[in-house]
Enquirer: 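This structure is in structure tokens; I'll ask about it shortly.
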Amino acid sequence: GGEDLFGTRPPSVPARSVEELQAELDSLVGLETVKEQVRALTAFLQVQSQRLAHGLPEVATSQHLVFLGNPGTGKTTIARLLAQLYRALGLLKSGHLVEVDRAGLVGEYVGLTAIKTDRAVRRALDGVLFIDEAYALARPEARGADFGAEAIETLLKRMEDHRHRLVVIVAGYPTLMHEFLDSNPGLRSRFARELVFPDYSSDELVAITRRFAAENEYRLGDGADVELRRIFDGAKRGAGFGNARYARTIFEQTLNAQALRLTGDEGGALGPLAAGELTTLSDADFAAAARALGEADGPSASRRRRWRRDS
């Protein structure tokens with residue numbers, strides 16, 4: 001990789017044009033409101049850049065962003081695309097993405113937090129620092145001293161020091177993120193722009209699962225999409241719903257179900273099969289996968305489901 005031992009050298013990201021990145025953004029399933037906001041932000045930044053070239057005053061705006069949404073709603077994907085868009089627009093030199101969470105910024109004893117936060121910032125310079133579940137920084141741990149507030153203070157200072165070389169994106173559940181932004185007066189002013197990532201609809205989750213299948217040279221058999229939609233319609237939504245992660249779990253479990261079906265449920269020796277059999281995922285495979293994951297109807301299933309999402 002491109003990082004040295006101390007994580008100070010950013011990994012190189014091949015430069016891509018605004019058009020290329022826009023096309024990739026457009027190809028993502030769903031996320032229509034997010035795509036609109038990214039297009040608006042890109043347009044605004046291009047206009048400001050041209051104004052600057054004409055000697056006109058630039059409207060000072062914060063490039064730092066808040067991503068609000070459940071897990072698996074495409075936040076990291078969009079963060080990576082935005083980092084590269086900022087590079088294509090000439091705002092960042094490298095356009096790489098450095099992902100961290102609380103553990104990557106907060107130390108266990110006095111003095112360590114500033115060092116860890118500084119190290120993360122150094123790795124992200126000329127790119128984007130993406131802090132997932134950022135609200136955890138403002139929620140004291142039950143035991144002992146908590147250094148989350150110190151991480152926030154250090155981060156705010158570095159954002160000011162490196163304002164032309166660093167973009168920070170904080171992400172997490174909406175309610176908890178608003179608590180986080182209210183926990184320090186400096187946060188609200190730095191993170192003025194919010195992007196809301198809605199949960200995927202059942203149809204979008206079917207499309208995402210189809211994409212997982214196509215990428216791995218599988219196809220959905222007759223009626224499989226109907227069964228998939230039934231599974232997604234029946235999934236327990238709400239805070240913590242796994243979205244695309246959940247779709248991937250269903251897909252991976254379906255591969256197991258297909259393998260068991262093809263070998264005869266006892267998992268015996270497998271005779272020669274045609275390519276079509278090896279690539280087809282049937283409605284029964286998806287149904288078996290949902291059962292294995294405890295997605296069948298009934299209270300015990302929803303209890304198991306809740307346990308798995310929280311874990």
Enquirer: State, without any angle test, whether D199 and N70 hold a side-chain donor-acceptor pair at a distance under 3.5 Å.
Expert: yes
Enquirer: Under 3.5 Å, side chain of Y86 to main-chain N/O of Q63, donor-acceptor pair present?
Expert: yes
Enquirer: Say you draw a straight line from CD of E20 to CG of L81; how long is it, rounded to the nearest 0.5 Å?
Expert: 11.0 Å
Enquirer: So which atom in D285 and which in A257 form the shortest heavy-atom distance, rounded to 0.1 Å?
Expert: O-CB, 3.4 Å
Enquirer: With D225, which of R219, R210, R230 fulfils salt bridge (charged side-chain N to carboxylate O under 4.0 Å, His left out)?
Expert: R210
Enquirer: Measure across L129 and A124 and return the closest heavy-atom pair with its distance rounded to 0.1 Å.
Expert: CB-CB, 3.7 Å
Enquirer: Is the backbone N or O of L205 less than 3.5 Å from a side-chain atom of T209, with the two atoms forming a donor-acceptor pair by type?
Expert: yes
Enquirer: Heavy atoms, side chains only, cut-off 4.5 Å: are R158 and T117 in contact?
Expert: no
Enquirer: To the nearest 0.5 Å, how far apart are NE2 in H96 and CG in D126?
Expert: 7.0 Å
Enquirer: If you draw a 6.0 Å radius around CG in D26, do more than 12 non-hydrogen atoms from other residues or ligands fall strictly inside?
Expert: yes
Enquirer: Please examine the side chains of Y135 and L181, heavy atoms only from C-beta on, and report whether any two atoms are closer than 4.5 Å.
Expert: no
Enquirer: I'd like to check L85 versus L41 (side-chain heavy atoms, cut-off strictly below 4.5 Å). Are they in contact?
Expert: no
Enquirer: Using atom types as modelled and distance alone, determine if a side-chain donor or acceptor of R190 lies under 3.5 Å from a backbone N or O of G186.
Expert: yes
Enquirer: Should I115 and M159 be regarded as members of a common hydrophobic cluster, given that ILVMFWY residues are connected when their side-chain heavy atoms come within less than 4.5 Å of each other, either directly or indirectly?
Expert: no
Enquirer: List the residues meeting ring-ring contact (aromatic ring centres under 6.0 Å, His included) with F251, not counting sequence neighbours, and say none if there are none.
Expert: none
Enquirer: Give a yes or no on whether E217 atom CD has more than 12 heavy-atom contacts from other residues, nucleotides or ligands under 6.0 Å away.
Expert: no
Enquirer: With a 4.0 Å cut-off, would you call E36 and R39 a salt bridge?
Expert: no
Enquirer: For the side chain of K116 and the backbone of A103, is there at least one donor-acceptor N/O pair under 3.5 Å apart?
Expert: yes
Enquirer: Are the side chains of Q258 and S282 in contact, using a 4.5 Å heavy-atom criterion?
Expert: no
Enquirer: For K75 and F197, indicate whether the former's side chain and the latter's backbone hold a donor-acceptor pair under 3.5 Å.
Expert: no
Enquirer: Considering all heavy atoms of both residues, which atom of V29 and which atom of E204 are nearest to each other, and what is their separation?
Expert: CG1-O, 3.6 Å
Enquirer: Assess whether salt bridge (Lys or Arg N to Asp or Glu O under 4.0 Å) is satisfied between E277 and R261, documenting all intermediate values.
Expert: CA-CA 11 Å; E277 291 177 282; R261 172 173 60 79; over 6 Å; no
Enquirer: With respect to Y218, which candidate in L278, L255, T254, T280 satisfies the side chain to side chain contact (heavy atoms under 4.5 Å, CB included) definition?
Expert: L255
Enquirer: We want to know whether E153 and N184 form a side-chain donor-acceptor pair, criterion being a heavy-atom distance below 3.5 angstrom.
Expert: yes
Enquirer: Could you check whether any side-chain N or O of D132 sits under 3.5 Å from a backbone N or O of F130, counting only pairs where one atom can act as donor and the other as acceptor?
Expert: no
Enquirer: Spell out, as yes or no, whether a donor-acceptor pair under 3.5 Å connects the side chain of H64 to the backbone of F191.
Expert: no
Enquirer: Output yes when a side-chain donor or acceptor of T73 lies under 3.5 Å from a complementary backbone atom of P198, and no otherwise.
Expert: no
Enquirer: Taking all heavy atoms of Q253 and all of A292, pick out the closest pair and write down the distance.
Expert: NE2-CB, 3.5 Å
Enquirer: Under a 4.5 Å cut-off applied to non-hydrogen side-chain atoms, are E227 and L220 in contact?
Expert: no
Enquirer: Ignoring hydrogens, what is the shortest heavy-atom contact between D283 and G223? Give both atom names and the distance.
Expert: CB-O, 3.6 Å
Enquirer: So do the side chains of V128 and L82 get within less than 4.5 Å of each other, counting heavy atoms only?
Expert: no
Enquirer: How many angstroms lie between atom OG of S27 and atom CZ of R211, to the nearest 0.5 angstrom?
Expert: 5.5 Å
Enquirer: Would you say that E160 contacts R163 through its side chain, given a criterion of any heavy-atom pair below 4.5 Å between the two side chains?
Expert: yes
Enquirer: Taking all non-hydrogen atoms of both residues, which atom of R245 and which atom of P71 are closest, and how far apart?
Expert: NH1-CB, 3.6 Å
Enquirer: Evaluate the side-chain proximity of T249 to L293: yes if any heavy-atom separation is below 4.5 Å, no if none is.
Expert: yes
Enquirer: Could you note down all residue pairs passing salt bridge (charged side-chain N to carboxylate O under 4.0 Å, His left out) where residues 170-188 supplies at least one of them, sequence neighbours left out?
Expert: R139-E179, D182-R188, R188-E194
